[in-house]
Engineer: 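Below is one structure. I have some questions about it.
For ligands, and for the atoms within them, numbers begin at 1 and follow the listed sequence.
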Amino acid sequence: MYIEQLEKSMYDLICETSTNLPKDVRRAVKAAREQEDAGTRAAMSLDTIAKNINMADDKLSPICQDTGLPTFKIKTPVGVNQLEIKAAIKRAIAQATKDGKLRPNSVDSLTGENSGDNLGIGLPVVKFDQWEENHIEVKLILKGGGCENKNIQYSLPTELEGLGRAGRDLDGIRKCILHAVYQAQGQGCSAGFIGVGIGGDRSSGYDLAKEQLFREVDDVNPNADLAKLESYIMENANKLGIGTMGFGGEATLLGCKIGVMHRIPASFYVSVAYNCWAYRRMAIDIDSNTGEVIRWHYNDGDKLSFEQSEEKGTAVQTSRTVELQAPITEEQIRELKVGDVVKISGRMYTGRDAIHKYLTENDAPVDLDGHIIYHCGPVVLKNEDGSYEIKAAGPTTSIREEPYQGDIMKKFGIRAVIGKGGMGPKTLEALQEHGGVYLNAIGGAAQYYADCIKAVEGVDLLQFGIPEAMWHLRVEDFTAVVTMDSHGNSLHADVDKSSLEKLSQFKEKVFN
Ligand SMILES: O=C(O)C[C@H](O)C(=O)O
Ligand code: SF4
């Protein structure tokens, strides 16, 4: 009985974490939304995010399609069997994957093979501690890959772009944290949350940083110096103008939590763990006799559902909206300018890391001339009649495809790519030369976009696993913003440049 109940408690924790954004995170998103002027791109993005949070809640479906690398931190009373707990977690993970609450996200690092059930060597990560309490505490974070890739570790002293020397003191730490927010730009699905670990070595420093992500968004650091630093960072990082999705705007950072540990004389690390707005972490207390959940954490206050201002700023007032249907002509593409909002109906093909590599070395399985590639690794369930159902399908970080994208667009005649976070100079040049456009969708809005997908009309290269396959999608009114056009303009390059200038205003010493 205990074992079955334990597995159910773990299953509930996983589902809740994936589908129901914690209350403190909702409050932070709401506050950000209220800060942005209606009609701006930032307001539009936050509206989509708010809508997405509601939809995930209603449909009990993943908030974001990247359900991350599940990491459990568990405290048990002395005498509790930890092996049983680990086994229950594994079964619950496999079941939640089958039920579409988690994307099959566990990939063999050497062969690229997806295990299909989120289990694998070292996965999920489960860390145990003992304590004197009578109950079991289980914390879970589902941290996605895009924001994980924006984590950064500094070894002090160092020189930082825009900020100069960062020494081995509180002021050097201050500079590292500001720089960490700057370098993430919109690629980790800003507005984000950061956990910072000061000290330790490279691995314990990151562990400490990630531990901070389990703190409540609105708590106050018990260490007075760190409390001061946290509020300094919250005030000033939001002056960088990076904004939601890196579109520019007021809200760049929604939370900053800093922890400290001792170090050895030769090393001084500042480790920063960046978490996207889809900040999925939850915790439960479990009765160690029955296996039942006796308390959910992060449960204080009202649960916001964003209903009140549902329509606020859903259209960007300063931009025009263009309807597109694939196949698209070069002429149509050359008419698009940075800032335009596009609404796509018709066909698009997903393609992410494996597909881009494949397409540079092989022919395409379908004619891509005039077509759209969507950087997306969806959550897909197979129905009994053999058809597929998209359960979550937001964009993935595009910059990873930078080495391939321009060449592939030219080789196959692709006219548009949709992703998030923008791409670099090589792609921008190819867009100009070939007549192509980059469209930024709202990262993490996996339910919102799944709703725009009306059918799966085919799939190729499924051997790469569900997230990496090429899905043929029929979409309706799929909305995205032109952030790189065929005239050499890139909103991403502009925001990067202006935020670097703003960063340099924080060069002078603040803390002694
Ligand atoms: O893997 C994904 O679907 C998205 C990833 O989390 C990302 O932010 O790039
Ligand atoms: S797509 Fe964005 S919201 Fe989703 S896990 Fe990646 S960084 Fe987070």
Engineer: Looking at ligand 2, is there an atom of it that comes within less than 4.0 Å of some heavy atom belonging to Gly68?
Structural biologist: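 For ligand 2, residue contact (heavy atoms, under 4.0 Å) with Gly68 is absent.
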Engineer: In chain order, what residues pass the side-chain contact (heavy atoms from CB on, under 4.5 Å) check against Asp451, with sequence neighbours excluded?
Structural biologist: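 Result, side-chain contact (heavy atoms from CB on, under 4.5 Å) vs Asp451: Met55, Lys59.
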Engineer: Name the residues in contact with ligand 1, where contact means a heavy atom under 4.0 Å away: which are they?
Structural biologist: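 Correct list: Gln65, Asp66, Arg103, Gly145, Gly146, Arg352, Thr396, Thr397, Arg400, Lys420.
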Engineer: Between Ala446 and ligand 2, find which residue part has any heavy-atom pair under 4.0 Å and reply side chain, backbone, both or neither.
Structural biologist: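 Near ligand 2, Ala446 shows nothing, with every heavy atom at 4.0 Å or more.
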Engineer: Is Glu211 salt-bridged to Lys127, going by a charged N under 4.0 Å from an acidic O?
Structural biologist: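 No.
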Engineer: Going by salt bridge (Lys or Arg N to Asp or Glu O under 4.0 Å), name the residues that satisfy it together with Lys357, two or more places apart in sequence or in a different chain.
Structural biologist: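 Glu361.
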Engineer: Hydrogens and angles aside, do Lys51 and Asn54 bring a side-chain donor and acceptor to less than 3.5 Å of each other?
Structural biologist: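 Judged by distance alone, the side chains do not pair up.
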Engineer: Taking NZ, NE, NH1 and NH2 as the nitrogens, is one of them in Arg41 or Glu36 under 4.0 Å from a carboxylate oxygen of the other?
Structural biologist: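 Salt bridge flag = no for Glu36 with Arg41.
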Engineer: Give the atoms of ligand 2, by number and element, whose distance to some non-hydrogen atom of Arg280 is under 4.0 Å.
Structural biologist: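 Result: 5 (S).
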Engineer: Should Lys23 and Asp300 count as an ion pair when the cut-off is N to O under 4.0 Å?
Structural biologist: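 No, this pair does not count.
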Engineer: Report yes if the side chains of Arg280 and Leu21 come closer than 4.5 Å at any heavy-atom pair, otherwise no.
Structural biologist: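 Arg280 vs Leu21: side chains touch.
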Engineer: Could you pull out the closest heavy-atom pair between Leu163 and Lys175, with the gap in Å?
Structural biologist: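 Heavy atoms of Leu163 and Lys175 come nearest at O-NZ, 2.9 Å.
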Engineer: Considering the heavy atoms of Pro395, write down every atom of ligand 2 situated less than 4.0 Å from one of them.
Structural biologist: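 Here the atoms of ligand 2 in question are 1 (S).
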Engineer: For Asp24 and Arg281: C-alpha separation, side-chain torsions, deciding distance, then whether salt bridge (charged side-chain N to carboxylate O under 4.0 Å, His left out) applies.
Structural biologist: CA-CA 11 Å; Asp24 59 337; Arg281 50 101 169 91; 2.7 Å; yes
Engineer: Identify which protein N/O/S atoms are less than 2.8 Å from atom 2 (Fe) of ligand 2.
Structural biologist: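 Within the sphere that stays under 2.8 Å of atom 2 (Fe) of ligand 2, the protein atoms of type N, O or S are Cys189 SG.
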Engineer: Could you pull out the closest heavy-atom pair between Glu401 and His375, with the gap in Å?
Structural biologist: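 Heavy atoms only, the tightest pair is CG-NE2, 4.0 Å.
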Engineer: Are His297 and Phe214, when compared by the centres of their aromatic rings, separated by less than 6.0 Å?
Structural biologist: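 No; Phe214 has its ring centre 6.0 Å or more from that of His297.
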